[in-house]
Student: 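Structure in structure tokens, see below.
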Amino acid sequence: MLNAAMISKWHVHAGGYANELKKSGKVDIKVVWDDDIERGSKWAAELGAEFEPDLTKLLARDDIEAVFCDTPTTAHKDIIIAAAKAGKHIFTEKALCPTVAECLEVKKAVEEAGVIFTISFPERFYPIFKLAKSLIDAGAFGKISTIRRRKAHSGVSGHWLPEYWFEEKDAAGGAMMDLGCHPMYDLAYFGGKVKRITGMFNAPLGSKVDENAVSIMEFENGIIGIAETGFMSAASPEIFEIYGTEGTLIRHGDDIKVRSSKLAPFTNDWIRPTLPSAGPAPIMQFVDACINKTAAPELCTIDDAIDLTRLLENAYIADRTNSIVTF
């Protein structure tokens, strides 16, 4: 059993994470901290846990082995560094920090403390992305030219995201900094190192942060990646496309099809592939690593977190300066 603390219910995923941890039977959520005392106290009561308004006291407790950080993005650096220095293992919501410089401070603290760190990159373990990676590794697409990933919802247009979600001082950005993390870390997984990036973000419905965002990047291997996201799409399906000289993968919602010359002479037509099983969610990989005292889970490490922030930070710079940022 892992003795843990939930650090803030600010993030909209915090409640889901706590429920997943309790349902697993592997985690004892002993205490909650939140800078909003009313919100934190209510959540602690719902979880059957203590509420501790003093974060320093919480981190000093010997009975807490790990923390799950769901604070505002701009608060991550100081809180995660404090947790690392206190010897607590750390699971955090994405993005790690708004800037690479801040991420590097976190990395230094985590490595010096020798604690396990995991960031929430769940899509890297979804069946469709496991399939895509295996096809890429098998050369099914030949020389890849373009990878496109779209993930958008109606958080603003449907009026269901909390108002505080649009405060840049807390969230560090809008749609791209939040939901856009998924397309960004997906593209980084398949494309490798980025050579240059640009972004175009706007807010047609009047939010204080971006509501509609597209980022385009060129990888060192020549692949062009397109990351699309937004808070104003009424019914946007999950879209994932790979185009190459020898094959194509297209996913629009639940419709997934692949075509590849590598499949000849068996077929020259589109096929509906059998998907592999999903991998464990990063949060449960983290829990198992803490309990079993093993290495941090792969594909959601501190360096993966830094790679994501590098894309986000420079995409926002590119949008603000109407430029292309070269790495």
Student: Quick one, Y189 and I136 - any side-chain contact, counting heavy atoms below 4.5 Å?
Tutor: no
Student: Which of parallel (below 30°), tilted (30 to 60°) and perpendicular (above 60°) describes H13 and Y17?
Tutor: perpendicular
Student: Which residues pass the ring-ring contact (aromatic ring centres under 6.0 Å, His included) test with H182, not counting sequence neighbours?
Tutor: Y185
Student: Do the non-hydrogen side-chain atoms of T146 and E241 ever get within less than 4.5 Å of each other?
Tutor: no
Student: Can you list the residues that meet the ring-ring contact (aromatic ring centres under 6.0 Å, His included) rule with Y316, with sequence neighbours excluded?
Tutor: F201
Student: Under the ring-ring contact (aromatic ring centres under 6.0 Å, His included) test, which residues partner W10, sequence neighbours left out?
Tutor: Y164, W165
Student: Hydrophobic clustering (ILVMFWY, side-chain heavy atoms < 4.5 Å, transitive) - are L249 and F219 grouped together?
Tutor: yes
Student: Taking C-beta and beyond as the side chain, do W160 and H153 meet within less than 4.5 Å on heavy atoms?
Tutor: yes
Student: For S134 and D137, test the side chains for any donor-to-acceptor distance below 3.5 angstrom and give the result as yes or no.
Tutor: no
Student: Using a 3.5 Å distance criterion without hydrogens, assess whether the side chain of D210 forms a donor-acceptor pair with backbone atoms of G174.
Tutor: yes
Student: With a 3.5 Å cut-off and sequence neighbours excluded, list the donor-acceptor pairs that the side chains of residues 103-117 form with protein atoms.
Tutor:
unit_1: K107; atom_1: NZ; unit_2: D303; atom_2: OD1; d: 2.8
unit_1: K108; atom_1: NZ; unit_2: E112; atom_2: OE2; d: 2.8

Student: With a sphere of 6.0 Å drawn around NZ of K42, does it hold more than 12 non-hydrogen atoms of other residues, nucleotides or ligands?
Tutor: no
Student: With sequence neighbours left out, what residues match F190 under ring-ring contact (aromatic ring centres under 6.0 Å, His included)?
Tutor: F240
Student: Does atom NZ of K195 have more than 12 heavy-atom neighbours, drawn from other residues, nucleotides or ligands, at distances under 6.0 Å?
Tutor: no
Student: Any salt bridge between R124 and D304, counting N to O under 4.0 Å?
Tutor: yes
Student: Check for a donor-acceptor pair, side chain of S154 on one end and backbone N or O of S157 on the other, with a separation under 3.5 Å.
Tutor: no
Student: Please give the remaining members of the hydrophobic cluster of I250, linking ILVMFWY side chains under 4.5 Å, ordered by chain and number.
Tutor: Y243, W270
Student: Do side-chain atoms of E65 reach the backbone of N3 as a donor and acceptor pair under 3.5 angstrom?
Tutor: yes
Student: Decide yes or no for I302 and L96: does some side-chain heavy atom of the first lie under 4.5 Å from some side-chain heavy atom of the second?
Tutor: yes
